[in-house]
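Heavy atoms only: backbone and side chains are in, while hydrogens, waters and symmetry mates are out.
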Amino acid sequence: MALKRLFNRISVKVKLMLIVMIAVTIAIFIAAALYTLKDRQDFIAEQQNELIVLSDVIGQRSSAALMFQDNKAAEANLASLSPKKSIIEACMYLQDGKLFAEFHPVSGSCPDLPATPDDKTSIKNSQVQIIISAIRFNQRPIGWIYIAASTEEISKRLRNILLASMVIGFIALLVAMLISWRIQRFIVRPINNLKLITHAIAKSEDYSLRAPHETEDEIGDLVTTFNRMLNTIQQTNLRLSDAVAELKSAKEATEHKAISAEEKAKAVHEFFAGMSHDLKQPLSAMNLFMDVLKSEKNEDKRTQYIDKVHALALNLSQMFSDIMDQAKIENRINKVKLDKVALKPLLQKIVQEFDVIARDKKIGLRIHVPDCDVLSNASMLERIVRNLLANAIRYTDKGGVLLAARRRDGFIDIQVWDTGIGIPADKLTAIFETFTQLNNPDGKVEKGFGLGLSIVKKLAGGLGHCIEVKSRFGRGTLFSISVPEVEPPLPMLSIVDDWQHSTGGDSLIYIIDDERAIAEALLAVTIAWEIEAEVFCSIAELNTYLAGNPREPDFILTDYTLSATETGLDALELIETHFDAPKPAVVISGETDPKIIQAIADSGCYFLPKPPDLNRLWQLIEDIRAGRSFSA
């Protein structure tokens, strides 16, 4: 029992190696035993045949000696056996059994002849083999020859066989160990992968994980069955999640209807107030660049400024599109954060999850997606595609399903093609309604709740993604979701060779703004006005610059909001502390809060709203240059 418990505790890898090694050891032991037994029998038979031949030869040579009673000749014939080391003794007898001649390589004496020996008599035991043969003359027996040989050679051969068997067995065990070590990986690795996936699922409760399918044997069938079970669990979990989401959505919709018109107006006001600052940033930068373009003569710089204005206009247009989309989203979707999503890895993960289902139905599942980024919410977009792909596979019995993505006018169309049963033209709208299933008129639960496409519609609408469906009844269906593509950032063009620094003129301005587009525009203004400037995009950059004993500025242009916790007034305080004197400063900001504007005035700074009036800004700079008093 103890041995059984120990065997049950060791790993499958060690068990396989032990089984192979034990089997090889037993096989070698049996082979060595059989070989030893056969070798012993062959040796005894061979020795017996040899003794018979020797007795016949010596008998023929000694027949004359017996006839003439020449025992000297007979002993000489017997002595011819001396080269045979196994011969113990050889004796020759007369017809009546009387000893006639003898040969003893070692001390000893001939035994008495048996009373009635056969023509050929063979006697053998564990140590000696004896042959007694008749000597004939003209077919008449005239005497007997007796030869005894030792079988000690068998013991020597047995020792050699055992030694050879041990060497061969040791080498065979090494080879078996190496082979079993190599082979067991193909058996143990899929089992270990299955174990790791099981632990990962138990820990994270992520039922989208799948065990890799590596073999086509019983273990491969086990992996396929395990993945199919995971898919069933995942689909059930998703159905429950969809049902809960639908119930929650219904509850929120009911609560939303209870909100008064005044509260809705307040929410809209807060939404647009929050967007005002971001909208003023590109507007301010565009105005600054447009003013610079009026007087800029350098064509290269004009091209750079025009490109930047164009980029800012595109950003502004995207902001307005986002605002319009946000206005259509329900309150719960309104809180979802849109971010850059790497599309190809997301869709590859989903296809990998559904591969086992497609293979189980014996239909093709292919993916064709370029490397691109889209603006969406990863989890919600994943839910949309997963629901569409699940429907496509569920209603496709032959042919296949294709998940593709194509670029179109700044968007990525995520498309799910199938060769399934199709949708009647008069049902293309109804399929998105809650609890609608065209192939489940009885409403059986095992066929789903009819929530998939209604959830897809709500999620797509909440994210601002357009969804389209085209179908030919009996031929197949195409679902397409249009998602904005996140264009790769354009390389930032330096306005001057040494970014954040311009030379020229006697005055020095510090420009501080966390928006690089605004900072570049203000730098372009100073270049046009032939004023030397240093530009900083954060207080950290300013602090690093001040640590190098820089030139003292004549005046400062700064944005108010530099980060979530830092303002332009903090930057002014840092500069004043470093140079131990206040500096004339203009705070340029899109803020409209009277408290903030009053705080700027209390600090002794002048306030210019975004976009700034460049004529007014130039007038302020001229006043400072002329030594006129600077007053907010």
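- Nearest heavy-atom pair, Glu566 versus Ile539, reported as atom, atom and distance to 0.1 Å: CB-CD1, 3.7 Å.
- Of the inter-residue distances, the one linking His465 atom NE2 with Ile412 atom CD1 reads 11.5 Å to the nearest 0.5 angstrom.
- We find the CD1-CD1 distance between Ile357 and Ile393 to be 5.5 Å, quoted to the nearest 0.5 Å.
- With respect to Thr396, the side chain to side chain contact (heavy atoms under 4.5 Å, CB included) criterion is satisfied by exactly one of Leu365, Thr477, Thr419: Thr419.
- Enclosure of atom CD in Gln352 is not indicated, since only 12 or fewer non-hydrogen atoms of other residues, nucleotides or ligands lie within 6.0 angstrom.
- Phe579 and Pro550 make their closest contact through CE2-O, 4.0 Å (heavy atoms, listed as atom of the first residue, atom of the second, distance).
- The local environment of CD in Gln348 is crowded, with over 12 non-hydrogen atoms from other residues, nucleotides or ligands closer than 6.0 Å.
- Within a 6.0 Å radius of CH2 in Trp417, other residues, nucleotides and ligands contribute 12 heavy atoms or fewer.
- Using a 4.5 Å heavy-atom cutoff, the side chains of Thr558 and Ile575 are not in contact.
- Between Tyr560 and Leu569, some side-chain heavy-atom pair lies under the 4.5 Å cut-off.
- Side chains of Ile596 and Thr567 form no contact here, defined as non-hydrogen atoms less than 4.5 Å apart.
- When all heavy atoms are compared, the tightest approach of Ser507 to Asp554 is CA-OD2, 3.2 Å.
- With rounding to the nearest 0.5 Å, the separation of CZ in Arg210 from CG in Asn231 is 5.0 Å.
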**Check against side-chain contact (heavy atoms from CB on, under 4.5 Å), Asp559 and Lys610** = CA-CA 9 Å; Asp559 186 18; Lys610 286 185 177 180; 3.5 Å; yes
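- To the nearest 0.5 Å, atoms SG (Cys537) and CD1 (Ile518) are separated by 11.0 Å.
- Between Leu388 and Ile481 there is a side-chain heavy-atom pair separated by less than 4.5 Å.
- The side-chain hydrogen bond (donor to acceptor under 3.5 Å, both in side chains) test with Gln415 singles out one residue from Glu468, His368, Arg406, and that residue is Arg406.
- Heavy-atom minimum distance, Asp373 versus Ala342: OD1-CA, 3.4 Å.
- Taking a 6.0 Å sphere around CZ of Arg366, one finds it holds 12 or fewer heavy atoms contributed by other residues, nucleotides or ligands.
- Ala460 and Ile384 make their closest contact through N-CD1, 3.6 Å (heavy atoms, listed as atom of the first residue, atom of the second, distance).
- Rounded to the nearest 0.5 Å, atoms CD1 (Ile588) and CD1 (Ile512) are 11.0 Å apart.
- Using a 4.5 Å heavy-atom cutoff, the side chains of Leu562 and Asp570 are not in contact.
- Note that the CZ atom of Phe411 and the CG atom of Leu375 stand 9.5 Å from one another [nearest 0.5 Å].
- In terms of heavy-atom proximity, Leu459 sits nearest to Arg383 at CD1-CG, 3.5 Å.
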**Item:** Worked verdict on Val416 versus Val401 for side-chain contact (heavy atoms from CB on, under 4.5 Å)
**Value:** CA-CA 7 Å; Val416 179; Val401 176; 4.3 Å; yes
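- Looking at heavy atoms from C-beta onward, Ile597 lies out of side-chain contact with Glu591 at the 4.5 angstrom threshold.
- Looking only at side-chain heavy atoms (C-beta outward), Trp618 and Ile531 come within less than 4.5 Å of each other.
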**Request:** Apply side-chain contact (heavy atoms from CB on, under 4.5 Å) to Ile414 and Leu403, showing your working.
**Result:** CA-CA 7 Å; Ile414 303 172; Leu403 177 59; 4.2 Å; yes
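- With no hydrogens or angles considered, a side-chain donor-acceptor pair links Ser379 and Asn377 at under 3.5 Å.
- Gln598 and Asp602 share a donor-acceptor pair across their side chains, judged by distance under 3.5 Å alone.
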**Request:** Please report the C-alpha distance between Gln619 and Arg616 in whole Å, then the side-chain angles of each, then the deciding distance to 0.1 Å, and finally whether the side-chain contact (heavy atoms from CB on, under 4.5 Å) criterion is met.
**Result:** CA-CA 5 Å; Gln619 186 61 50; Arg616 180 57 180 155; 4.0 Å; yes
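- Within the 4.5 Å cutoff, the side chain of Ile621 has heavy atoms near those of the Ile509 side chain.
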